[in-house]
K.L.:
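Before we start, here is the structure in question, set down as structure tokens.
Naming: A, B, ... by sequence-line order, numbering from 1 per chain. Keep in mind the model is a prediction, meaning the values are calculated, not measured.
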Protein chains: 2
Amino acid sequence: MTAKSMTRAAFLVLTALADQPRHGYGILREVGELSDGEVQLRVGTLYGVLDRLTADGLIVLDREEVQQGRLRRYYRLTDEGVAALDAEAERMAAGAGAAKRRIAAGRRTGAPSRPAAEGPAGLEPPTPPGLAGGFA
Amino acid sequence: MTAKSMTRAAFLVLTALADQPRHGYGILREVGELSDGEVQLRVGTLYGVLDRLTADGLIVLDREEVQQGRLRRYYRLTDEGVAALDAEAERMAAGAGAAKRRIAAGRRTGAPSRPAAEGPAGLEPPTPPGLAGGFA
DNA sequence: CGATGATATATCGGCTGCCGATATATATCG
DNA sequence: CGATATATATCGGCAGCCGATATATCATCG
């Protein structure tokens, strides 16, 4: 079945929960710290994602605590959630690798922009094969 | 400025164009082949993405050909497009690595699901620090 | 010769999903 | 007392993806 790719926000939440259970606000902070502030998960995005992930069985409510008068609702990954995150990480790494390889391949002629002004216009380049290098 | 992350479809199009200019239908086929059929870019998605990428200056219309009575409109990456793709690939690789590391970190106790039935419920685990391992 | 399928372009409506704004409540700090 | 941090949650708008649809040419098969 291979299960189709999750959204970016979902990936961030799952990653934040990968090492230990966290509550909503904690997830928000963790995502920010994880990327040194570059990637930010918005509050308005969080709860929808949490609901969807729960409905999909990738996370579950771990426990509720009242800490200093404030409610904390902790979530944790299910086995299915771990598997999904792992699969997504694999896909992303593969995609990133493929992109890098192809950038390098396109650099060969040293002409990234202007393609050197073709001849009399004809005969399309027959897709120089060889190093394909796929996603998976 | 760091430029915010592009959409998945945009990433796929840029990747397909990374090694050489291609026309719309060719991009569609290339994306499919690249992932061995796992990832598919839909026709209904393509042209909107192409327009947006053009407006953003990441790709440009390279040339138009009439091959066997059918029009082919070739696009290619701009220097800015190459840079954007490269940056995105970097981000994805970092994110994938971070997820993998955290999954491994969470596996330590060998209790991925049930957290071993806590004691009388109190004293949250004080966020065992150490190996943080960020995105970037 | 007509049907089917691959090639190739493009549009549109609907649905999903992200985000800014907003609301509520408590604890801390100045 | 007001501002800031912690913590939850909802809602409306907008961007973006996808299925369906339309159009046209060429090759293949019956």
K.L.:
Relative to the 5' end of DNA chain D, which residue comes earlier, His23(A) or Ala10(B), by the nucleotide with the nearest heavy atom?
P.N.:
His23(A)
K.L.:
Just how far is it from atom CG of Leu61(B) to atom OH of Tyr75(B), taken to the nearest 0.5 Å?
P.N.:
5.5 Å
K.L.:
Output the rounded distance in Å from CD (Glu64(A)) to P (dT6(D)).
P.N.:
21 Å
K.L.:
Between dG17(C) atom P and Arg8(B) atom CZ, what is the distance in whole Å?
P.N.:
12 Å
K.L.:
For Tyr47(A) and dG17(C), give me the distance from atom OH to atom C1', rounded to whole Å.
P.N.:
18 Å
K.L.:
Among dG16(D), dA10(C), dA9(D), which is the nearest nucleotide to the side chain of Arg52(B)?
P.N.:
dG16(D)
K.L.:
How far does CG of Leu41(A) sit from CG of Leu34(A), to the nearest 0.5 angstrom?
P.N.:
11.5 Å
K.L.:
Answer yes if the side chains of Arg72(B) and Tyr74(B) hold a donor-acceptor pair under 3.5 Å, and no otherwise.
P.N.:
yes
K.L.:
For Leu71(A) and Gly48(A), find the nucleotide of DNA chain D closest to each by heavy atoms; which residue's nucleotide sits nearer the 5' end?
P.N.:
Leu71(A)
K.L.:
Specify the separation, in whole Å, of atom CD of Glu30(B) and atom P of dT7(C).
P.N.:
13 Å
K.L.:
Assign each of Arg42(A) and Arg73(B) to its nearest nucleotide of DNA chain C by heavy atoms, then name whichever residue's nucleotide is nearer the 5' end.
P.N.:
Arg73(B)
K.L.:
For nucleotides 20-26 of chain D, tabulate all protein N/O to nucleotide N/O atom pairs closer than 3.5 Å, reporting atom names and distance.
P.N.:
from: dT25(D); atom 1: O2; to: Arg70(B); atom 2: NE; distance (Å): 2.9
from: dT25(D); atom 1: O2; to: Arg70(B); atom 2: NH2; distance (Å): 3.4
from: dC26(D); atom 1: O4'; to: Arg70(B); atom 2: NH2; distance (Å): 3.1

K.L.:
Report the residue (Ala9(A) or Asp51(B)) whose heavy-atom-nearest nucleotide on DNA chain C is the more 5′ of the two.
P.N.:
Asp51(B)
K.L.:
Only counting residues at least two apart or in another chain, list the ones meeting side chain to side chain contact (heavy atoms under 4.5 Å, CB included) with Ala93(A).
P.N.:
Ala96(B)
K.L.:
Taking side chain to side chain contact (heavy atoms under 4.5 Å, CB included) as the definition, give me every residue that meets it alongside Gln40(B), ordered by chain and number, with sequence neighbours left out.
P.N.:
Arg42(B)
K.L.:
Report which part of the nucleic acid Thr7(A) touches: base, sugar-phosphate, or nothing (heavy-atom distance under 4.0 Å, all strands).
P.N.:
sugar-phosphate
K.L.:
Once rounded to the nearest 0.5 Å, what's the spacing between atom CG of Leu50(A) and atom CG of Leu58(A)?
P.N.:
11.5 Å
K.L.:
If you compare every side-chain N and O of Arg29(A) against the phosphate oxygens of dA7(D) (OP1, OP2), does one of them come in below 4.0 Å?
P.N.:
yes
K.L.:
Between dC17(D), dC18(C), dG19(D), which nucleotide gets closest to the side-chain atoms of Val49(B)?
P.N.:
dC17(D)
K.L.:
Same cluster for Val60(B) and Leu85(B) if Ile/Leu/Val/Met/Phe/Trp/Tyr side chains link at under 4.5 Å?
P.N.:
no
K.L.:
Specify the separation, in whole Å, of atom CG of Leu28(B) and atom C1' of dA6(C).
P.N.:
13 Å
K.L.:
Runs of at least three consecutive Watson-Crick or G-U pairs, both distances under 3.5 Å, are what I'm after; which ones involve DNA chain C?
P.N.:
C:1-30 with D:1-30
K.L.:
Not counting sequence neighbours, which residues clear side chain to side chain contact (heavy atoms under 4.5 Å, CB included) with Arg70(B)? List them please.
P.N.:
Gln68(B)
K.L.:
With Glu33(A), which residues qualify under side chain to side chain donor-acceptor pair (under 3.5 Å), at least two apart?
P.N.:
none
K.L.:
Measure from CE on Met6(B) to C1' on dC17(D) and round the result to the nearest Å.
P.N.:
17 Å
K.L.:
Could you state the CZ-P distance from Arg72(A) to dA27(C), rounded to the nearest angstrom?
P.N.:
13 Å
K.L.:
To the nearest angstrom, how far is Leu41(A) atom CG from dG20(C) atom C1'?
P.N.:
14 Å
K.L.:
Using 0.5 Å steps for rounding, measure from the CD atom of Gln20(B) to the CG atom of Asp62(B).
P.N.:
10.5 Å
